[in-house]
Amino acid sequence: MSAIPQGFVEKTSKLSEEVTRPFPNSRKVYVQGSRDDLRVGLREVEQTPTHTDTGVEQNPPIPIYDTSGPYTDPEAHIDLMQGLAPLREGWVAERGDTVLLDGPTSEFGRRRQDDAALASLRFEHIRAPRRAAPGRNVSQMHYARQGIVTPEMEYVAIRENVKLQALRADPSYAKLLRQHAGESFGASLPAEITPEFVRDEVARGRAIIPANINHPELEPMIIGRNFRVKVNTNIGNSAVTSSIEEEVEKMVWSARWGGDTLMDLSTGKNIHETREWILRNAPMPIGTVPIYQALEKVDGKPEDLTWELFRDTLIEQAEQGVDYFTIHAGVRLQYVPLTADRVTGIVSRGGSIMAKWCLSHHQENFLYTHFEDICEIMKAYDVSFSLGDGLRPGCLADANDRAQFAELETLGELTKTAWAHDVQVMIEGPGHVPLQKIKENMDKELVDCFEAPFYTLGPLVTDIAPGYDHITSGIGAANIGWYGTAMLCYVTPKEHLGLPNKQDVRDGIITYKIAAHAADVAKGFPGAQMRDNALSKARFEFRWEDQFNLGLDPERAREYHDETMPKQAHKVAHFCSMCGPNFCSMKITQDVRDYAAKQGLTEDEALRKGMEEKAVEFVKTGVEIYKAV
Ligand code: IRN
Ligand code: FE2
């Protein structure tokens, strides 16, 4: 069991500096929505000016979609003991369709609350939970289908746009906004995201806004293929390692590097308390796999699981504020034999638990038979379904087989049932899939699951690189994201090998931000390429600081640059240590342009003439260049 350090409470009032220090040359800015209490946080990277022969040209600040919440706002007052400010509390209350409960209504939740032995671990300021008033449905989908634009919907519209309207009107951004129309594989991207567009996408089930009414600290975000591709991260202690405070710090760390949502997959002893600390301090949606905790409650014996115990676990977690549940309801009894000939059988934890239950009782999966009962719980708190892929392939050899696709078809059937209750749904996907078999996965999901958002784990495109599976899966993620997957579940370098540490989490997230962003650019998401264009301009002009700061990981970029050229003077050098001063193509291009301007030649002529001259120069200086490097 995880050892809980003495004095946990004192320690957690402080986060380590490395998880909260502001990004270099960045400012937190807030875009005001239609009401006072609706302000959307973005990050703006300030740039240095360009110095030309004729003068100084200002470079505009670049706004960036920001997942870090108040943690990177130097003005925010954060006390982990109090939790984040409950932004959405007013929005939820004023809808007038909920009741405030006295305390947890789940049996397990009540027991934990009354257990004196847990006092030192417990989050102090537990708010009384809410639930839908009798006969009411509080899901965003329900409001959307009635034509109501909620503050949550407006919030995500502003967030997705990162000030696009204002930027278009400002001539200094014109060049940076240049972007080629991408191939969007059936997505219908608007020129700009409006609150009404958000409402419509949620109403049709093509996007979800995971936002439990008991998670008012949440900064709403949206998952759907007509929006920016999102990244999910997983954290969680296991029986062998890590404590509550480490989990809270990992959550903030995940938010810092760009994790859009986070799943708490803890399986240790204090799951309930860990989750409370995470939720109260989490600006992003939190997901769980409730069957993991249910299994803990029956001492790890799947055959002892019952619907009643599972139901209590769902209510316990919904009242804490979990925003989405992975439910492995598609693992039907009849599909289990389909995995018999597989190379790696069932690799999903949840899938294997349910398969074991089905076989030992020789009964249909109770998540399947009780699916409508689960829907009743989901709509009373607005918890979204993440329909689990319990039969996903665990290796290339098993990809796209009958077991996998049979389950996917069942997930489609369950999607329809959930939608009949106005409950939000996304669909989990593979796994391990070779490149040439990826597109079939996306196409089939769209047809079988009626365009409900797809949320995939990678996929890993090869099995031969343990230690590098953030890369094997990042390649698959970029591809499937481009085809239309709405959210990518990150994989760290420790996949298949061990529990990731902080650095692994960072490397996994950055890898997935690359995949997600590559997909946004390829799809032609409005404004997505602006950051690439700005960074490239900075690179071309040797504005090193701007190049670092506009990157996904400014700290790493600076570190690598400084390994060989650490001096402040090098930050204005017109070369780096890769090519040295005389072989820098960017510098040569600039010389060519200057030369053309001076000689009154076209760039083409100048290029030819200039290159001839450069050739002579290189022959002369080549020897010294190698020495210089
Ligand atoms: C995402 C897509 N397919 C699976 N996932 C994630 O895998 C899921 O959301 C959860 O975080 C994790 C573990 O799932 P299993 O192994 O219990 O299926
Ligand atoms: Fe795997």
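Here, residue 1 is the first one in the sequence, and each next residue gets the next number. A quick note: this is a predicted structure, and the numbers were derived from the prediction, not measured. Just follow the structure's listing: the first ligand is 1, and inside any ligand the first atom is 1.
- Close contacts of ligand 1 with S348, meaning ligand atoms under 4.0 Å from a residue heavy atom, involve 15 (P), 16 (O), 17 (O), 18 (O).
- Closest to atom 3 (N) of ligand 1 by heavy atom, among I353, T326, D389, is D389.
- No side-chain donor from either of E247 and S266 sits under 3.5 Å from a side-chain acceptor of the other.
- For atom 11 (O) of ligand 1, the nearest non-hydrogen atom of the protein is M263 SD, 3.0 Å.
- To the nearest 0.5 angstrom, W253 atom CH2 is 13.5 Å from I235 atom CD1.
- A donor-acceptor contact closer than 3.5 angstrom is absent between the side chains of H470 and E495.
- The shortest contact between atom 1 (C) of ligand 1 and any protein heavy atom is with Y455 CZ, 3.6 Å.
- Listed by atom number, the atoms of ligand 1 under 4.0 Å from L265 heavy atoms are 11 (O).
- When ring centroids are compared, Y381 and F325 stay outside the 6.0 Å threshold.
- Heavy-atom contacts of H328 reach the following atoms of ligand 1: 15 (P), 17 (O), 18 (O) (cutoff under 4.0 Å).
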Please list, one pair per line, the donor and acceptor atoms closer than 3.5 Å that link side chains of residues 476-484 to other protein atoms, with sequence neighbours excluded.
from	atom 1	to	atom 2	distance (Å)
N479	ND2	I475	O	2.9
W482	NE1	E183	O	3.0

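- The N/O atoms of G429, backbone and side chain alike, include one that comes under 3.5 Å of an N/O atom in ligand 1.
- E246 has no carboxylate O lying under 4.0 Å from a charged side-chain N of K250, or vice versa, which leaves the two without a salt bridge.
- Close contacts of ligand 1 with N234, meaning ligand atoms under 4.0 Å from a residue heavy atom, involve 11 (O).
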### Message
Let's go through F227 and Y65 carefully: what are the C-alpha distance in whole Å and the side-chain angles of both, what is the deciding distance for ring-ring contact (aromatic ring centres under 6.0 Å, His included) to 0.1 Å, and is it a yes or a no?
### Response
CA-CA 12 Å; F227 301 94; Y65 187 105; over 10 Å; no
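- If you check which protein heavy atom lies closest to atom 17 (O) of ligand 1, you get Y292 OH, 2.5 Å.
- The atoms of ligand 1 that sit less than 4.0 Å from any heavy atom of G350 are 15 (P), 17 (O).
- By the 4.0 Å N-to-carboxylate-O rule, E276 lies too far from R122 to be salt-bridged with it.
- Residue S386 places no N or O, backbone or side chain, under 3.5 Å from any N or O of ligand 1.
- Taking distance alone, with nitrogen or oxygen atoms compared against 3.5 Å, N232 stays at or beyond that limit from ligand 1.
- Of the possible donor and acceptor atoms, none in the side chain of R206 sits under 3.5 Å from a partner among the backbone N and O of P453.
- Within the protein, the N, O or S atoms sitting under 2.8 Å from the Fe ion (ligand 2) are H432 NE2, H496 NE2.
- Of the protein's heavy atoms, L457 CD2, 4.0 Å lies nearest to atom 7 (O) of ligand 1.
- Side-chain contact, Y490 with N234: no donor N or O sits under 3.5 Å from an acceptor N or O.
- Of the charged side-chain nitrogens involved, at least one lies within less than 4.0 Å of a carboxylate oxygen, so that E217 and R280 count as a salt-bridged pair.
- Where the criterion is an N or O separation shorter than 3.5 Å, residue side chain and backbone included, T456 fails it with respect to ligand 1.
- Taking the charged nitrogens against the carboxylate oxygens, E201 and R225 have no contact shorter than 4.0 Å, which rules out a salt bridge.
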### Task
I would like to know whether I278 and L262 meet side-chain contact (heavy atoms from CB on, under 4.5 Å); could you show each step before the answer?
CA-CA 10 Å; I278 290 175; L262 178 129; 4.3 Å; yes
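- Comparing heavy-atom distances from atom 8 (C) of ligand 1 across E428, R349, R392 singles out E428 as nearest.
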